[in-house]
Amino acid sequence: MTAPVIRGWCPGALRPMESGDGLVVRVRPPGGRLSPAQGRALAAAARIHGNGLIDLTARASLQLRGASAAGHAALIADLRAAGLVDEGPAAEARRNIIITPFADAPTDALAARLAGALAQGPLLPAKFGFAVDCGPVRVLAQTSADIRLERAADGGLILRADGCALGARVTPDTAPAAAAALAQWFLEAGGASGGRGRMAALMARGARPPAALAPTDAPAAALPEPQPGPVPQGVLAAIAFGQLPAETLAALAALGPLRPTPWRMLLVEGAAAVPDLPGLVRAGDPLRRVHACTGAPGCGQALQPTRPLARRLAAGLPAGAVLHVSGCAKGCAHPAPADLTLTATACGFDLIRRGKAGDAPIRRGLDPAMLFLEDPDAPL
Ligand code: SF4
């Protein structure tokens with residue numbers, strides 16, 4: 001099997017990444033929210049400058065696909081006019097913050113102050129990120145982040161280094177500077193090397209935050225991943241494979257402000273329901289339990305197309321089972337184990353049971369045209 005390429009950096013809007021279908025231009029909505037006008041502008045930019053498809057990433061960013069190098073400047077001008085682009089690549093890289101989609105006004109204000117504090121801070125490894133998860137409930141426990149602002153069981157704020165069970169007490173006033181100080185400590189403690197490094201790995205090597213940020217309190221219990229449908233803030237609209245057409249984004253933006261989530265769903269604030277639109281899936285649809293990356297030809301590393309196979313197999317997926325169809329062993333769409341994983345190779349698909357895309361398969365070289373699912377425990 002060909003080893004997947006580990007790039008070690010993520011695309012941004014100002015620093016796009018070349019892929020099999022052109023440039024991938026990733027937009028991190030300021031404050032974790034798109035106004036209706038920004039939603040429409042993003043949809044228009046995807047249609048005009050890209051291939052009209054928009055990905056929702058596992059860190060709640062939106063990425064336009066199929067842009068050209070020649071059209072990148074015009075795309076950025078349109079995004080900048082909508083207030084969706086940072087001043088420069090360094091500012092864009094520093095604003096690596098995911099905000100709970102259920103943020104209340106104090107949480108939004110805290111996230112804005114954190115962004116301000118980080119704008120003055122050091123450059124961190126590309127994948128090093130912050131989570132502001134102190135809304136009414138804690139929901140980002142399973143979302144990748146290195147430094148987390150959360151609530152303790154008594155409702156107070158804590159600052160927690162990922163990989164550490166406890167966090168340090170902070171207040172809304174002290175939290176932004178404390179988070180920046182913890183990031184600085186991460187660098188000084190040797191957490192980064194060659195532009196890479198994650199907090200949990202540093203913790204696993206035995207490092208502990210400095211005395212001023214000594215961990216004392218556990219975070220409040222986390223809720224499981226929300227399901228599509230009504231929530232107190234509006235409606236969660238689920239997106240098949242986390243990719244939607246620009247027309248659907250524009251139609252959702254017409255219903256209200258949008259909050260991207262890390263769960264392949266957009267929160268449409270203030271809406272009571274969403275209509276059936278291309279790319280959306282309802283709660284209970286087996287596609288909600290199917291993960292498939294871009295695959296071939298959109299990803300240059302993919303060894304086979306993925307989503308047509310995933311869509312066909314979804315119909316036979318047993319209740320509760322999770323299927324992952326991956327274009328290579330990297331497993332971008334679902335880094336966690338799945339009941340069944342099909343990993344593309346140059347000669348078909350390998351089958352992994354209760355594992356990840358790169359784990360040892362129990363069957364090799366399966367012909368996708370001959371694949372059907374009946375029971376996750378039965379041999380294919
Ligand atoms: S897992 Fe899929 S999206 Fe990720 S590199 Fe491999 S083929 Fe590309």
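All figures in this text were calculated on a predicted structure; none of them were measured in a lab. Order of listing sets the numbers, starting from 1, for every ligand and every atom in it.
Around atom 2 (Fe) of ligand 1, the closest heavy atom drawn from Ala296, Cys293, Gly20, Ala302 belongs to Cys293.
Identified under the salt bridge (charged side-chain N to carboxylate O under 4.0 Å, His left out) test for residues 250-274, with sequence neighbours left out: Arg33-Glu269, Asp108-Arg259, Arg259-Glu269.
Smallest separation of non-hydrogen atoms from Leu236 and Pro226: CD1-CB, 3.7 Å.
Note on ring orientation: taking the six-membered ring where Trp is involved, the planes of His324 and His291 are perpendicular (angle over 60°, cut-offs 30° and 60°).
With a 4.0 Å heavy-atom cut-off, ligand 1 is reached by the side chain of Ser326 but not by its N, CA, C or O.
In summary, Cys328 places no N/O/S atom under 2.8 Å from atom 2 (Fe) of ligand 1, failing the contact criterion.
A search for ring pair (Phe, Tyr, Trp, His ring centres under 6.0 Å) contacts involving Phe241 returns nothing, not counting sequence neighbours.
Heavy-atom contacts of Cys299 reach the following atoms of ligand 1: 3 (S), 5 (S), 7 (S), 8 (Fe) (cutoff under 4.0 Å).
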